[in-house]
Amino acid sequence: MLDKNYQPQNFEGDVYRAWEDARAFAAGRGDREGARPYTIVIPPPNVTGSLHLGHALNNTLQDVLVRFERMRGRDVLWQPGTDHAGIATQMMVERQLMERGEPDRRAMGREKFIERIWQWKEESGNTIVDQLKRLGASCDWSRLRFTMDEGLSRAVRKVFVELHRAGLIYKDKRLVNWDPELLTAISDLEVEQIETKGHLWHLRYPIEGKTFDAGDPSTFIVVATTRPETMLGDSAVAVHPDDERYTDLVGKNIILPIVGRRIPIIADEYSDPEKGSGAVKITPAHDFNDFEVGRRHGLAIINVLSKDACLALQSNEAFLQDVELTPQLKATILEYNGVFRFAARKMIIERLETEGYLEKIEPHLHTIPHGDRSGAVIEPFLTDQWYVDAATLAKPAIDAVKRGRTTFVPKNWESTYFHWMENIQPWCISRQLWWGHQIPAWYGPDGKIFVAEDEEGAKAAAKEHYGKDEPLERDEDVLDTWFSSGLWSFSTLGWPDETPEVARYYPTDVLVTGFDIIFFWIARMMMMGLHFMEEVPFRTVYIHALVRDEKGQKMSKSKGNVINPLELIDNYGADALRFTLSAMAAQGRDIKLSSSRVEGYRNFATKLWNASRFAEMNDCVPRADFDPGSAKLVVNRWIAGETERTGAAVTEALEAFRFNDAAGAVYHFIWHIYCDWYLELIKPVLMGDDEAAKAETRAMAAFVLDRALQLLHPFMPFVTEELWAKRMPEGEHRESLLMLSEWPTRQGLQNVEADAEIGWLIKLVTEVRSVRAEMNVPAGVKVPFVIADASAETKARFATHDETIKRLARVETIDFGTLPSGSVQIVLEEATVGLPLQGVIDFGAEQERLRREIDKVKSEIAQITAKLANKKFISRAPTHVVEEQRERKTEAEATVGKLEQAIKRLASL
RNA sequence: GGGCGGUUAGCUCAGCGGUAGAGCACUACAUUGACAUUGUAGGGGUCACUGGUUCGAUCCCAGUACCGCCCA
């Protein structure tokens with residue numbers, strides 16, 4: 001017996017265990033031996049993370065696809081795993097150490113600290129996996145991988161070595177985005193540009209050979225800057241070559257205030273004559289654009305900052321070069337050295353102002369780069385880092401999408417992908433962190449680099465190079481997390497070993513992810529997959545929206561608007577959450593989730609539960625020997641057809657990744673067709689005494705419910721599986737699993753006559769109910785029916801559905817003949833149904849109602865008439881459209897006739 | 001500055017050349033033997049604006065306004 005109420009928490013855990021016990025998620029199951037593979041690799045969540053709504057959406061959609069394809073007979077591999085998430089995890093553990101008052105990572109030392117992270121990974125690594133299981137994710141958990149597993153680490157080393165050998169990974173000294181808080185380089189993608197209200201400081205730089213006079217503009221040149229503290233590292237002033245104001249000055253020098261360095265005035269198109277004074281200071285060590293200008297003009301690169309963004313002037317060779325070390329400068333160096341960048345800014349501004357070098361300060365709106373993890377203002381910083389030649393790797397990746405070997409859904413994301421890929425910059429992959437894959441590069445005593453998969457390899461190469469054993473030191477840095485993520489689509493299958501899984505499951509079928517990681521992840525997987533596997537990593541990329549709160553704001557802990565998916569699961573069940581997310585998946589970029597929506601779909605599960613209870617109470621048990629095509633009752637033939645129609649709609653929608661349409665189709669079918677109509681229509685049969693009709697109807701009700709459970713299963717796996725198992729005769733339990741059952745396909749069950757007849761019946765009942773409500777006929781009152789002008793067919797229909805009509809329309813008796821005076825009348829096709837209700841209803845109101853009906857139909861007729869009068873419409877519109885309009889007009893005119901007759905009858909009282 | 005997306009019922013959003021839809025909310029009625037986590041009925045929309053294409057435009061095209069995102 002099913003419980004009286006739907007309570008998901010009572011069975012979701014058991015259902016999941018039953019799946020796992022049956023190894024139903026396993027790829028390469030025996031029953032799928034000859035089957036086509038279907039592969040999805042999970043976007044690996046952070047190993048120490050916990051489930052948020054983004055994960056819930058992402059994994060629900062993957063699970064819907066995977067369950068759908070598994071039921072369609074494919075050999076499904078949904079490859080799960082977690083990501084080590086370098087910076088995020090390291091930060092988290094560091095914060096933990098701080099909170100617990102333990103020594104920080106430096107005090108602890110690298111080895112111990114890493115050990116500590118592994119410990120934390122062991123403790124918390126299963127949290128996210130358990131949470132995905134609660135959501136119902138049917139990943140092959142036996143194949144769970146972690147980006148720092150030995151196998152995957154080997155893949156990382158091999159890729160590094162091979163790309164290095166091919167010249168696609170190299171070490172370079174250039175400006176990087178330096179995070180002075182985390183003390184590491186980060187890639188362009190990890191930098192967030194934030195628009196900020198700041199200032200533009202206009203500085204007077206005195207021209208060499210003239211006596212500086214703040215009141216005489218001919219003695220100085222004005223430069224505008226947003227970062228005055230970097231002026232200590234200026235090595236030129238640039239003006240536009242066509243800027244006539246400065247033509248005479250090009251080639252001359254200025255004397256840098258405070259420092260006294262003599263620097264040239266150069267002509268370079270980088271400076272914009274429209275902006276500020278038209279002259280800009282050039283600081284190659286602290287600005288990406290200036291770096292390029294410096295390169296073009298062979299300027300000195302004078303770094304005046306330390307790694308933690310403090311002024312570093314003492315013993316700074318570049319700074320002191322070509323500068324006269326006056327006692328005053330000595331004092332300045334002492335005063336400024338070690339001062340943090342923002343404090344230094346203030347000091348320098350004050351000093352410039354006192355000495356007359358500050359012309360003016362303007363408010364200025366500009367974007368400032370921030371680290372996405374630390375939030376610190378990023379410092380362009382000159383360092384040695386490892387780079388990937390992304391431009392070269394991008395070419396085949398662009399080509400593959402252009403040729404359609406990989407397609408994006410929705411398609412318009414392809415342009416985003418192209419735009420970025422076509423303008424791609426070298427990818428900085430080294431990070432000054434401890435948690436991650438340590439770069440497989442070793443340095444000889446003279447700094448010579450040996451890249452090899454392991455230390456032995458490096459030693460051997462060094463021995464060959466030096467002719468003897470030399471001590472080697474390994475590069476301390478680790479790789480960007482996304483470097484290993486980029487290999488995910490094949491490293492998880494066992495590459496570089498030639499495993500059967502690599503052969504069978506690569507390339508994968510679909511990648512499901514949010515648009516926020518198109519650059520971070522999709523692009524890199526495309527590049528790496530094509531380079532190492534010579535085949536795209538996935539045929540289709542399905543891009544879904546991001547989940548926001550009900551006000552459309554990004555969910556964040558600091559805003560306190562985070563909806564925890566596990567709470568939703570606790571309150572409404574995993575199925576309700578999954579269905580909600582599927583139904584909302586169509587949305588463009590954001591999904592604004594509210595719990596009322598989830599509640600609504602929980603109610604849907606309740607509805608299904610109760611329908612199953614109804615089936616149970618009426619012995620509607622699945623019968624293996626039942627052929628739905630053999631049904632004799634119209635209502636049964638009709639529902640069989642509706643079921644098939646729905647099946648086709650769901651299938652088609654899922655094939656096209658239209659999750660919302662698929663969910664909508666099955667929702668509408670179960671609630672508004674099966675429950676609202678079919679179950680109501682068959683009640684008289686089930687309660688009647690025609691045993692043959694009862695048997696057929698029970699079997700059909702059970703058959704359709706089974707089909708409904710199948711179609712709903714990808715979206716609501718728990719409740720459907722539970723009902724599937726329990727929908728057997730008392731004491732029995734279905735052995736087969738729904739999730740491994742065969743997805744319904746067409747078997748020719750649709751029937752035009754049955755559709756027409758049940759359509760007529762539904763219309764009749766609906767109109768009667770509507771009129772009753774409008775005429776304020778109390779729901780409890782049973783009314784008689786008198787039907788005029790009924791054709792033989794209509795009479796037969798009334799006979800067939802006699803009991804049903806009486807029950808659903810609350811009818812007392814049904815007679816054919818002349819309508820008694822004072823009837824409420826309903827026009828239904830050729831017949832007019834009269835409800836003789838003298839004394840019960842208000843005739844003025846009835847007259848009014850009929851008139852409104854007539855007006856409505858007449859206005860429709862007018863519209864159609866105008867259309868048909870239009871010769872161009874007749875000649876240019878497709879024939880079937882014209883025909884359809886004609887038919888509608890004829891029907892409408894007939895209806896008006898009937899309605900006018902009805903009014904006459906009413907008036908003839 | 002460049003690019004992308006949005007503007008449809010009170011709210012959140014589907015639809016996208018031929019009679020405007022869903023969920024929630026709202027109103028009225030109803031406890032009839034699956035279901036109040038319910039049923040029945042109902043109200044509510046010049047589909048942002050202006051032009052164009054078309055026999056016909058919420059839908060296609062162009063422009064405008066406002067909102068949002070990405071990139072520089």
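Computed over heavy atoms, backbone and side chain alike; hydrogens, waters and symmetry mates excluded. Naming convention: chains lettered A, B, ... in sequence-line order (proteins, then strands); numbering from 1 in each chain.
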Item to check | Euclidean distance, atom CD of residue Glu422(A) to atom P of G3(B) [Å, nearest integer] | outcome: 15 Å

Checklist outcome for this item: Rounded to whole Å, NZ of Lys683(A) lies from C1' of A34(B) at a distance of 7 Å

Next on the checklist: For a ring-ring contact (aromatic ring centres under 6.0 Å, His included) check, start with the C-alpha distance between Phe11(A) and Trp609(A), then their side-chain angles and the critical distance, and finish with the verdict.
Outcome noted: CA-CA 13 Å; Phe11(A) 58 82; Trp609(A) 186 267; 5.6 Å; yes

Checklist entry - Could you run down nucleotides 21-28 of chain B 5' to 3' and tag each one B, S or - for protein heavy-atom contact under 4.0 Å? => result --SS----

Item to check | Nearest listed nucleotide, side chain of Gln193(A), among G18(B), G39(B), A72(B) | outcome: A72(B)

Checklist entry - Of the nucleotides G5(B), A34(B), U12(B), which has the atom closest to the Asn412(A) side chain? => result G5(B)

May I ask you to say what [X] touches in the nucleic acid, namely base, sugar-phosphate or nothing, with a heavy-atom cut-off under 4.0 Å?
X         : value
Arg772(A) : nothing
Glu767(A) : nothing
Gln885(A) : sugar-phosphate
Lys4(A)   : sugar-phosphate

Checklist entry - Would you call Pro380(A) and Val176(A) a side-chain contact if the rule is heavy atoms closer than 4.5 Å? => result no

Taking salt bridge (charged side-chain N to carboxylate O under 4.0 Å, His left out) as the definition, give me every residue that meets it alongside [X], ordered by chain and number, with sequence neighbours left out.
X         : answer
Glu190(A) : Arg431(A)
Glu642(A) : Arg645(A)
Glu362(A) : Lys360(A)

Item to check | Dot-bracket encoding of pairs in RNA chain B, which uses [ ] for pseudoknotted crossings and | for another strand, Watson-Crick or G-U under 3.5 angstrom | outcome: (((((((..((((....[..)))).(((((.......))))).....(((((..]....)))))))))))).

Distance-only donor-acceptor hits, side chain of residues 877-885 of chain A, under 3.5 Å, sequence neighbours excluded:
none

Checklist entry - For Glu269(A), what residues pass the side-chain contact (heavy atoms from CB on, under 4.5 Å) criterion, not counting sequence neighbours? => result His240(A), Pro241(A)

Where do N or O atoms of nucleotides 41-47 of chain B meet protein N or O atoms at under 3.5 Å, pair by pair?
| unit_1 | atom_1 | unit_2 | atom_2 | d |
| --- | --- | --- | --- | --- |
| G42(B) | OP1 | Ser770(A) | OG | 3.1 |

Item to check | Spatial distance of atom OG1 (Thr60(A)) from atom CG (Leu577(A)) [nearest 0.5 Å] | outcome: 6.0 Å

Checklist entry - Between atom CZ of Arg613(A) and atom NZ of Lys4(A), what is the distance when rounded to the nearest 0.5 Å? => result 5.0 Å

Contacts under 3.5 angstrom, residues 762-770 of chain A side chains, donor-acceptor by atom type, not counting sequence neighbours:
| unit_1 | atom_1 | unit_2 | atom_2 | d |
| --- | --- | --- | --- | --- |
| Thr766(A) | OG1 | Ile762(A) | O | 2.6 |
| Arg769(A) | NE | Leu808(A) | O | 3.4 |

Item to check | Pair listing, salt bridge (charged side-chain N to carboxylate O under 4.0 Å, His left out) test, anchored in residues 860-875 of chain A, at least two apart | outcome: Glu860(A)-Arg888(A)

Item to check | Minimum-distance pair of heavy atoms, taken over all atoms of Leu200(A) and His364(A) | outcome: N-CB, 3.7 Å

Residues 657-671 of chain A, side-chain donor-acceptor partners within the protein, below 3.5 Å, at least two apart:
| unit_1 | atom_1 | unit_2 | atom_2 | d |
| --- | --- | --- | --- | --- |
| Arg658(A) | NE | Asp661(A) | OD2 | 2.7 |

Checklist entry - With respect to the phosphate group of G39(B), does any side-chain polar atom (N or O) of Lys607(A) fall under 4.0 Å of OP1 or OP2? => result yes

Quick test: give all pairs of protein nitrogen or oxygen and nucleotides 7-9 of chain B nitrogen or oxygen below 3.5 Å, distance rounded to 0.1 Å.
none

